[in-house]
Amino acid sequence: MKDISCTLLVIGAGPGGYVCAIRAGQLGIDTVIVDAGRPGGTCLTVGCIPSKALIHAAGEFDALKRMASGKGDLGIRAANATIDLGITTAWKDGIVARLSSGVSSLLQKARVKIIHGKARFRDGKTVEVETETGLQIIRAESVVIATGSEPVELAALPFGGPVLSSAQALSLTQLPNKLVVVGGGYIGLELGTAYAKLGSQVTVVEAMAQVLPAYDSELVQPVMRRVSERGIKVMTTSKAIGLSPRGEALVVEERGVRQELPADRILVTVGRQPQVTGFGLEDLDLDRAGPFLQIDDRCRTSMRGVYAIGDVTGEPMLAHRAMAQGEMVAEIVAGRNRGWDSRCIPSICFTDPEIISAGLSPDDARSQGIEVKVGHFPFAANGRAMTMHDEEGFVRVVARADSHLVLGLQAVGAGVSELTAAFALAIEMGARLEDIAGTIHAHPTRSEAVQEAALRAMGQALHL
Ligand code: FAD
Ligand code: NAD
């Protein structure tokens with residue numbers, strides 16, 4: 001097979017890698033992208049997209065079940081609700097297939113050469129790929145490592161048999177009767193809630209004193225109320241010891257006391273680790289930040305011409321961060337003067353209700369010695385929330401006490417994920433409380449709670 005020479009080689013076609021390659025192609029850079037799996041990476045194939053499809057289906061089924069139970073206040077009654085998880089999974093697979101082939105088309109449109117196979121470094125500028133038709137050598141002036149991350153496996157609970165990784169939990173065709181989730185972070189709570197809505201009896205085992213430790217307790221409380229209403233059992237300050245001798249239960253230790261939790265499936269979601277082994281990276285001896293690749297504000301690694309983006313570079317391991325890094329690196333390779341200057345990377349936890357955060361929380365700001373004004377506005381006082389029959393949660397705004405510069409915005413509530421754009425925009429544009437308060441927010445919407453939270457921080461709330 002003839003060797004390939006190119007200007008830019010991207011290893012990994014997840015959201016970081018494919019966005020980098022598309023932008024590079026648009027800028028006229030001769031670009032090759034290699035992936036061992038399907039275009040779209042973790043996000044598209046076993047992450048963001050399939051999990052949100054399952055969460056949506058579970059929410060629809062749950063609403064129907066409540067109507068069928070005759071309990072709803074809306075006067076809607078339905079007959080006995082049922083779900084065929086095989087059909088749900090097939091629908092989800094269809095979305096993944098459409099988006100993955102969409103990524104291939106976008107890469108082709110940008111004239112990026114796609115090579116399927118596992119890449120392996122020979123040196124910092126040369127990579128070999130095991131393709132279906134033989135070994136392909138690629139030489140590049142610049143290389144972007146966008147190999148992403150993989151689930152952390154617990155030594156006492158290796159994946160296999162009843163022990164599932166998140167990827168396996170997204171492709172079940174039979175509903176587990178009793179599901180124990182080890183790790184109450186993003187994936188554990190998102191998928192644990194979805195399975196509880198689908199009808200599984202769910203227990204979450206979390207090592208820390210609170211689930212979703214990435215968010216403060218004020219934001220997590222409304223989620224915990226719902227979790228308890230759904231009958232999900234949460235064990236905090238607890239650790240999984242291993243399977244019981246006959247394998248039909250999980251042995252758990254809670255504050256020194258051991259017990260067996262019967263389980264037909266155990267989902268382990270205790271974090272993700274960078275994909276840095278098995279492809280010759282060790283020989284490049286790049287600087288590390290813990291297990292991750294160390295990068296500077298231009299995503300440069302310690303080797304000239306070698307960049308790294310996305311999950312392989314550490315927290316926050318989010319698709320939109322990977323994409324933003326990918327776009328930036330493509331422009332840098334094209335000779336443009338770019339550096340990482342984003343003021344915030346918004347985050348969403350797709351629990352019920354959803355939690356969102358952009359910028360600093362009140363505690364973050366205070367721990368930096370900043371005096372702040374904090375305004376809350378509850379959805380219980382928002383007309384749109386009432387008409388949508390879900391008044392749980394609130395919006396919170398954090399601003400400097402002296403200048404009213406908005407440092408952070410958070411919310412918890414139904415459908416608040418769509419507010420992240422407004423939150424990030426306010427912070428990026430250096431908004432002050434007066435800017436948010438003085439912007440006409442359309443009625444009736446949940447976003448009015450953002451304006452009211454800003455007004456409240458200034459002691460001027462109109463609807464509370
Ligand atoms: P990845 O998406 O992991 O892609 C890396 C790619 O590199 C893969 O396609 C892999 O096949 C390829 N690769 C690796 N090694 C090689 C090699 N040697 N040769 C060739 N190819 C290689 N983030 C959000 O922002 N929002 C969400 O709602 C969200 N939900 C998630 C839900 C789940 C269940 C999971 C697991 C993750 C979720 N994430 C979410 C995180 C998100 O998926 C990641 O942050 C994102 O995919 C990282 O992108 P990436 O490009 O760095 O790597
Ligand atoms: P996570 O870091 O969100 O949560 C892991 C949880 O497991 C933590 O609460 C931790 O305290 C707990 N834990 C660790 N070891 C444990 C043990 N031995 N026993 C019990 N609990 C233990 O990790 P995750 O849920 O696996 O998700 C991985 C990453 O994927 C996230 O950090 C996030 O970046 C990304 N993700 C994002 C979204 C989103 O944006 N909506 C959704 C899913 C995943």
Side-chain angles (χ1 to χ4, degrees), residues 10-20 33-52 54-55 100 103 115-121 127 129-130 144-152 154-157 165-167 169-170 181-192 204-215 235-241 252-253 267-281 308-323 325-326 345-351 354-356 417:
V10 181
I11 305 174
Y18 83 70
V19 166
C20 183
I33 191 164
V34 183
D35 202 298
R38 289 165 81 180
T42 303
C43 166
L44 251 177
T45 58
V46 288
C48 322
I49 295 296
S51 62
K52 268 77 249 180
L54 187 72
I55 289 165
S100 181
V103 168
I115 294 185
H116 298 282
K118 184 169 177 182
R120 189 180 169 80
F121 278 103
V127 157
V129 185
E130 300 153 24
V144 176
I145 303 169
T147 48
S149 63
E150 59 193 359
V152 170
L154 291 175
L157 287 171
S165 68
S166 56
L170 290 168
V181 180
V182 180
Y186 273 94
I187 304 179
L189 260 275
E190 286 186 3
L191 295 188
V204 177
V205 177
E206 165 59 44
M208 307 287 277
Q210 175 198 289
V211 291
L212 298 175
Y215 295 95
M235 298 172 69
T236 49
T237 329
S238 299
K239 61 179 180 197
I241 304 298
V252 175
E253 193 175 287
L267 169 59
V268 177
T269 54
V270 294
R272 294 179 65 83
Q273 61 196 9
Q275 297 236 42
V276 284
T277 52
F279 60 101
L281 204 57
I309 58 174
D311 282 10
V312 77
T313 64
E315 298 281 358
M317 288 193 264
L318 298 173
H320 40 284
R321 168 178 174 262
M323 292 190 217
Q325 289 177 321
I345 301 170
S347 63
I348 307 169
C349 192
F350 290 86
T351 37
E354 293 169 349
I355 305 178
I356 61 173
S417 49

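Remember, it's 1-based here, ligands and their atoms both numbered in the order they're listed. In what follows, residues are counted from 1 in the order of the sequence shown.
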Quick one: are T42 and R272 in side-chain contact, heavy atoms under 4.5 Å? yes

Atom 7 (O) of ligand 1 [closest protein heavy-atom partner, distance rounded to 0.1 Å]: G12 CA, 3.2 Å

Could you tell me whether I187 and ligand 2 have an N or O pair separated by under 3.5 Å? yes

Should the proximity of L318 to ligand 1, defined as any heavy atom under 4.0 Å, be assigned to the side chain, the backbone, both, or neither? both

Heavy atoms only: which of G47, G185, P151 is nearest to atom 6 (C) of ligand 2? G185

Using heavy-atom distances, let me know which of E190, K52, E206 sits nearest atom 11 (O) of ligand 2. E206

Which ligand 1 atoms are under 4.0 Å away from a heavy-atom of R272? 36 (C)

To which protein heavy atom is atom 9 (O) of ligand 1 closest, and what is the distance rounded to 0.1 Å? D35 OD2, 2.7 Å

Tell me the contacting part of I348 for ligand 2: side chain, backbone, both, or neither, using a 4.0 Å heavy-atom threshold, strictly below. backbone

With heavy atoms under 4.0 Å as the rule, classify the contact between P50 and ligand 1 as side chain, backbone, both or neither. neither

Shortest reach to atom 46 (C) of ligand 1 by a heavy atom, considering only A322, G14, P15: P15

Option with minimal heavy-atom separation from atom 5 (C) of ligand 2, where the choices are V252, V211, T269, D311: T269

Considering only heavy atoms of F279, which atoms of ligand 1 have at least one such atom less than 4.0 Å away? 18 (N)

Any atom of ligand 1 sitting under 4.0 Å from a heavy atom of V46? yes

Atom 16 (C) of ligand 1: closest protein heavy atom, distance to 0.1 Å, is T147 CG2, 3.8 Å

Numbered atoms of ligand 1 (with element) below 4.0 Å of C43, judged on heavy atoms: 2 (O), 43 (O), 47 (O)

Run the contact test for G117 against ligand 1 with a 4.0 Å cut-off on heavy atoms, strictly below, and give the result. yes

Please state which protein non-hydrogen atom is closest to atom 35 (C) of ligand 1 and give its distance, to 0.1 Å? G47 CA, 3.6 Å

Looking only at distances, can you tell me whether any N or O atom of M317, backbone or side chain, sits closer than 3.5 Å to an N or O atom of ligand 1? yes

Check this for me - ligand 2, L212, N or O atoms closer than 3.5 angstrom, yes or no? no

I'd like to know if the side chain of S100 and the backbone of P39 have a donor-acceptor N/O pair within less than 3.5 Å. yes

Which value, rounded to the nearest 0.5 Å, describes the distance between R321 atom CZ and I309 atom CD1? 10.0 Å

For G41, counting its heavy atoms only, list the atoms of ligand 1 lying under 4.0 Å from any of them. 2 (O), 4 (O), 8 (C), 9 (O)

Can you list the atoms of ligand 1 that are under 4.0 Å from a heavy atom of S149? 3 (O)

Looking only at heavy atoms, is any part of V205 under 4.0 Å from ligand 2, and if so is it the side chain, the backbone, or both, or is it neither? backbone

Distance under 4.0 Å to a non-hydrogen atom of G37: what atoms of ligand 1 satisfy this? 11 (O)

May I ask whether S347 has any heavy atom positioned less than 4.0 angstrom from an atom of ligand 2? no

Ligand 2 atoms nearer than 4.0 angstrom to some heavy atom of G271 are 5 (C), 23 (O), 24 (P), 26 (O)

Would you mind reporting whether L191 and S51 have side-chain heavy atoms less than 4.5 Å apart? yes

With heavy atoms under 4.0 Å as the rule, classify the contact between R120 and ligand 1 as side chain, backbone, both or neither. neither

What are the two closest heavy atoms between V182 and A240, and how far apart are they? CG1-CB, 3.9 Å

Any idea which part of K52 is under 4.0 Å from ligand 1, heavy-atom wise: side chain, backbone, both or neither? side chain

Using a strict cut-off of 4.0 Å, indicate which atoms of ligand 2 neighbour a heavy atom of L318. 37 (C), 40 (O)

Ligand-residue contact atoms, ligand 2 with F350, heavy atoms, under 4.0 Å: 41 (N)

Which heavy-atom pair separates V312 from Q275 by the least distance, and what is that distance? CG2-O, 3.8 Å

State, yes or no, whether a side-chain contact exists between Y215 and T351 at a heavy-atom distance under 4.5 Å. no

Shortest protein contact, atom 39 (N) of ligand 1 (heavy atom only): C48 SG, 3.6 Å

Which heavy atom in V127 sits nearest to a heavy atom in A119, and how many Å separate them? CG1-CB, 3.6 Å

Atoms in ligand 2 with a heavy atom of M208 nearer than 4.0 Å: 11 (O)

In short, G184 meets P213 closest at the heavy-atom pair O-CD, 4.2 Å

Is it the side chain, the backbone, both or neither of F350 that has a heavy atom closer than 4.0 Å to ligand 1? side chain

Give the numbers and elements of all ligand 2 atoms closer than 4.0 Å to a heavy atom of R272. 28 (C), 29 (C), 30 (O)

Should we count NZ of K52 as having more than 12 external heavy atoms under 6.0 Å? yes

Under 4.0 Å, heavy-atom basis, I'd like to know which part of A319 is in contact with ligand 1: side chain, backbone, both or neither. both

The closest protein heavy-atom partner of atom 52 (O) of ligand 1 is D311 N, 2.9 Å

Show the atoms of ligand 2 that are less than 4.0 angstrom away from any heavy atom in V182. 19 (N), 20 (C)

Give the atom numbers and elements of ligand 1 that come within less than 4.0 Å of a heavy atom of G16. 51 (O)

Among protein heavy atoms, which sits nearest to atom 17 (C) of ligand 1, and what does the distance come to when rounded to 0.1 Å? A119 N, 3.8 Å

Can you list the atoms of ligand 2 that are under 4.0 Å from a heavy atom of P213? 9 (O)

Name the option, out of I55, V270, L154, that contains the heavy atom nearest to atom 15 (N) of ligand 2. V270

Touching ligand 2 at all, P316? Heavy atoms, strictly under 4.0 Å? no

Find all atoms of ligand 1 within a distance of less than 4.0 Å from any non-hydrogen atom belonging to A36, and give their numbers and elements. 20 (C), 21 (N)

Would T42 count as a polar contact of ligand 1, with the cut-off being nitrogen or oxygen pairs under 3.5 Å? yes

Quick one: look up the protein heavy atom nearest atom 53 (O) of ligand 1 and list residue, atom name and how far away it is. G148 CA, 3.2 Å

Find the distance between SG (C349) and CG (L189) and round it off to the nearest 0.5 Å. 6.0 Å

Using a 4.0 Å cut-off to any heavy atom of M317, which atoms of ligand 2 qualify? 33 (C), 34 (O), 35 (C)

